[in-house]
Amino acid sequence: MTERTPTSEQPPPPSRRPRRETVTHASAVRGDGPPAAVRHAAVPGPRPGHPPARSEISEQTTLGHTYVRSLMRSQLRAGLTALGALALIVGALPPLLALPAPEAVVWIVLGVGLYPVIWGIAHWYVRRAERNERDFTGLVEGR
């Protein structure tokens, strides 16, 4: 049996990553905390990954594009619903006001009756858009 000696044909040993120091307290940053030997060193290993949806969006993959399109579609749907409701109400006003009625009734309908309805539609739209964004954020962050 012959003993092998290291030659230049053998690959070099894998390089080890330097150990990282994890600071766990603000006192360690200021320097008045425990000595460096007491601090914990991070063990090299797999880094904790991001939730899949976030990485898909940030890497601009097809799935990430689908997530963003889903948010855009839900926002568009809410906007078109609010616009349709507003168009129905405003579109119904001319025929309604063309009916014979005292002038005071016309001003009450326009000044008092219409604005709360428009405010209600706007309030619904804002709440719906915020809910869509909150749902999307929950999906992306994995909640």
Side-chain angles (χ1 to χ4, degrees), residues 4-143:
R4 291 185 111 180
T5 58
T7 63
S8 62
E9 294 174 5
Q10 291 180 344
S15 62
R16 294 182 59 179
R17 291 172 54 187
R19 293 172 50 131
R20 294 182 294 162
E21 191 172 299
T22 302
V23 178
T24 57
H25 300 295
S27 61
V29 174
R30 291 190 305 262
D32 59 351
V38 176
R39 296 183 197 139
H40 302 286
V43 178
R47 293 182 353 169
H50 295 289
R54 176 177 281 178
S55 64
E56 294 290 337
I57 292 170
S58 65
E59 293 172 6
Q60 298 181 353
T61 63
T62 304
L63 182 59
H65 182 69
T66 303
Y67 284 138
V68 173
R69 283 189 52 138
S70 169
L71 173 65
M72 292 172 63
R73 268 196 316 267
S74 62
Q75 296 289 49
L76 179 64
R77 190 178 314 117
L80 290 177
T81 302
L83 181 66
L86 186 62
L88 282 175
I89 291 170
V90 172
L93 281 177
L96 181 67
L97 296 176
L99 297 174
E103 191 174 316
V105 172
V106 172
W107 283 109
I108 290 173
V109 167
L110 287 176
V112 178
L114 186 62
Y115 286 107
V117 174
I118 292 174
W119 182 88
I121 292 171
H123 182 71
W124 173 84
Y125 171 73
V126 168
R127 303 255 325 195
R128 179 67 185 200
E130 288 174 348
R131 189 176 87 189
N132 289 341
E133 290 173 1
R134 190 171 44 250
D135 292 346
F136 180 74
T137 303
L139 172 71
V140 169
E141 293 181 354
R143 286 188 237 159

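Residues in residues 121-133 take part in these side chain to side chain donor-acceptor pair (under 3.5 Å) pairs, two or more places apart or across chains: Gln75-Asn132, Gln75-Glu133.
Atom CG of Leu76 is separated from atom CZ of Arg69 by 11.0 Å, given to the nearest 0.5 angstrom. Rounding to the nearest 0.5 angstrom, the gap separating the CG atom in Leu139 from the OG atom in Ser70 is 8.0 Å. Rounded to the nearest 0.5 Å, atoms CG (Leu88) and CG (Leu83) are 9.5 Å apart.
Residues Ile121 and Ala85 come closest through the heavy atom pair CD1-CB, 3.9 Å. Annotation for Ala92 and Pro95: closest pair O-CD, 3.4 Å, computed over non-hydrogen atoms.
Evaluation of the side chain to side chain contact (heavy atoms under 4.5 Å, CB included) rule for Ile108 yields Val112 as partners, not counting sequence neighbours. Every residue two or more places apart in sequence or in another chain that forms a side chain to side chain contact (heavy atoms under 4.5 Å, CB included) with Val68 is listed here: Ile57, Met72, Phe136.
Contact check for Ile89 versus Ile118: no side-chain heavy atoms found under the 4.5 Å cut-off.
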